[in-house]
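Residues take their numbers from the sequence shown, with the count starting at 1.
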Amino acid sequence: MSSLRIPILTLALVALASTFFVAHPALAQRTRKPVVWVNADIPNMAGLEHKVLKSESLGHEVGYVVWTPPNFSVDSDVRYPVVYFLHGAGGSERSDAAGFASLMAKGIRNGTFPPAICVCPNGGMSGYRGEVESMIVDELIPLIDSTYPTQAKATSRIVAGFSMGGAGSVRLSLLHPELFCGAGSWGGALAFRGDPSESPLLPAAENNADTLRQNGYAALLINGDGDRPDAFELLAETFESVKIPHEIVVVDDTKHNLGAYQQKTADQMIKFLGNQLRQKPDR
């Protein structure tokens, strides 16, 4: 008789614990792997360099990776546009730096992309909101423009990313229209949770439309047919209403995988970003 009481009691405790953690998601999230803010072990690639910013916004050091194009020299008179590439949830500054820089390098070689600098910041699990948003906007961008020979203007600065980074690229570009001439998103969404109609990006696109148009802003929003293909439907309607150029692409047989997106649409993304950086909008 007593031999049956132990497993029954154990099952009861497990059920109770499961109910507790479902009912208290904040506590469950504490078991998530902590963010490592500095990850210096980057791939060995020409032009790729790891840097550390002592961030006042975050209150600690944060890593970022910079790629400079072939023949780059800080002593030349050449000034470069800048691409900011934002990683997805669970990634870091090192995750996509070499891969995306390789796509840029290919574009430079075949003439679809101008020589440009690429910057990959560590966004933790922030969604590129709050302190991380402040770190990028108020600290990292000014730092890059003061230490590298950049074309420090919105028409020569663009942001792109995957997943959380794709959503972040759209978010940063619409909330800070004075900084960017466009956004490229792979696998992003207007809202991953909640009601997308309540997204602050919808009124931001309307309220900032004049500045966006002045900077020649455009957005390329790519999602797989198995990866929220309607993720930016409401934003596209808003863009239509305020005459902001945009393109929504739904990729066949594609789920939430950066490699699949790049295999099928890398050339399209690089061409879009390059065209945005080459444009000469009226100011």
Side-chain angles (χ1 to χ4, degrees), residues 21 24-43 48-67 82-101 117-145 147 157-176 179-180 183-194 196 199-201 204 223 227-228 231 256-259 261-262:
F21 278 102
H24 299 274
L27 183 57
Q29 288 176 1
R30 293 177 189 172
T31 63
R32 178 185 292 165
K33 185 177 178 181
V35 172
V36 178
W37 287 101
V38 177
N39 302 268
D41 54 332
I42 63 173
L48 206 66
E49 187 173 7
H50 187 272
K51 301 277 190 175
V52 176
L53 165 65
K54 188 174 182 180
S55 172
E56 293 184 6
S57 299
L58 293 172
H60 55 71
E61 293 184 336
V62 58
Y64 62 99
V65 175
V66 177
W67 178 76
V82 183
V83 181
Y84 287 81
F85 191 84
L86 311 181
H87 66 78
S92 72
E93 73 270 26
R94 73 176 301 277
S95 301
D96 309 315
F100 190 76
I117 296 168
C118 181
V119 180
C120 300
N122 189 337
M125 293 290 291
S126 66
Y128 300 95
R129 304 166 185 260
E131 291 84 359
V132 167
E133 179 178 354
S134 297
M135 178 271 291
I136 293 173
V137 170
D138 300 327
E139 299 179 271
L140 183 59
I141 290 176
L143 177 64
I144 294 298
D145 287 340
T147 54
R157 190 186 297 118
I158 199 164
V159 58
F162 167 66
S163 189
M164 180 183 81
S169 70
V170 176
R171 173 184 172 80
L172 292 182
S173 66
L174 293 181
L175 295 181
H176 304 278
L179 292 179
F180 302 102
S185 170
W186 275 314
L190 187 60
F192 288 108
R193 298 181 183 86
S199 170
L201 302 187
N223 287 76
D227 187 22
R228 298 177 298 277
H256 197 66
N257 181 278
L258 177 58
Y261 279 117
Q262 291 183 339

Over all heavy atoms of both residues, which pair between A167 and S185 is shortest? Give the atoms and the distance, please.
N-OG, 4.2 Å
Distance from L201 atom CG to L172 atom CG, nearest 0.5 Å?
9.5 Å
Taking the side chain as every heavy atom from C-beta outward, state whether R228 and F192 have any atom pair closer than 4.5 Å.
yes
Heavy atoms, side chains only, cut-off 4.5 Å: are L179 and S173 in contact?
no
Looking only at heavy atoms, what is the nearest atom pair of P43 and A98, with distance?
CG-CB, 3.8 Å
Residue list, salt bridge (charged side-chain N to carboxylate O under 4.0 Å, His left out) with R94, at least two apart or on another chain
D41
Contact check, side chains of H50 and L48, non-hydrogen atoms, under 4.5 Å
no
Looking only at heavy atoms, which two atoms of L175 and A204 are closest? And how far apart?
CD2-CB, 3.7 Å
Checking D145 now: which residues fulfil salt bridge (charged side-chain N to carboxylate O under 4.0 Å, His left out) with it, not counting sequence neighbours?
R157
Contact check, side chains of H256 and S163, non-hydrogen atoms, under 4.5 Å:
yes
Separation between CD of E133 and OG of S57, rounded to the nearest 0.5 Å:
10.0 Å
By salt bridge (charged side-chain N to carboxylate O under 4.0 Å, His left out) - contacts of E61 (at least two apart):
none
Could you pull out all residues at least two apart from D96 that satisfy side-chain hydrogen bond (donor to acceptor under 3.5 Å, both in side chains)?
none
To the nearest 0.5 Å, what is the distance between CD1 (I42) and CH2 (W67)?
13.0 Å
Just so I know, are the side chains of L140 and V62 near enough to count as touching, which here means a heavy-atom distance under 4.5 Å?
no
ring-ring contact (aromatic ring centres under 6.0 Å, His included) partners of F85, counting only residues at least two apart
F100
Find the distance between CD1 (I136) and CG (N122) and round it off to the nearest 0.5 Å.
9.5 Å
As an exercise, state the distance from NE2 of H87 to OG of S92, rounded to the nearest 0.5 Å.
6.0 Å
Shortest non-hydrogen contact from A231 to N223?
CB-ND2, 3.9 Å
Would you give the length of the straight line joining atom CG of L174 to atom CG of L190, rounded to the nearest 0.5 angstrom?
9.0 Å
Working for side chain to side chain contact (heavy atoms under 4.5 Å, CB included), residues Q262 and W186
CA-CA 9 Å; Q262 291 183 339; W186 275 314; 3.8 Å; yes
For E139, give me all partners under salt bridge (charged side-chain N to carboxylate O under 4.0 Å, His left out), at least two apart in sequence or on another chain.
none
Show the nearest heavy-atom pair for residues V35 and G124, with the distance to one decimal.
CG1-CA, 3.8 Å
Closest non-hydrogen atom pair between V137 and P142, with its separation:
O-CD, 3.5 Å
Is the backbone N or O of P196 less than 3.5 Å from a side-chain atom of S199, with the two atoms forming a donor-acceptor pair by type?
no
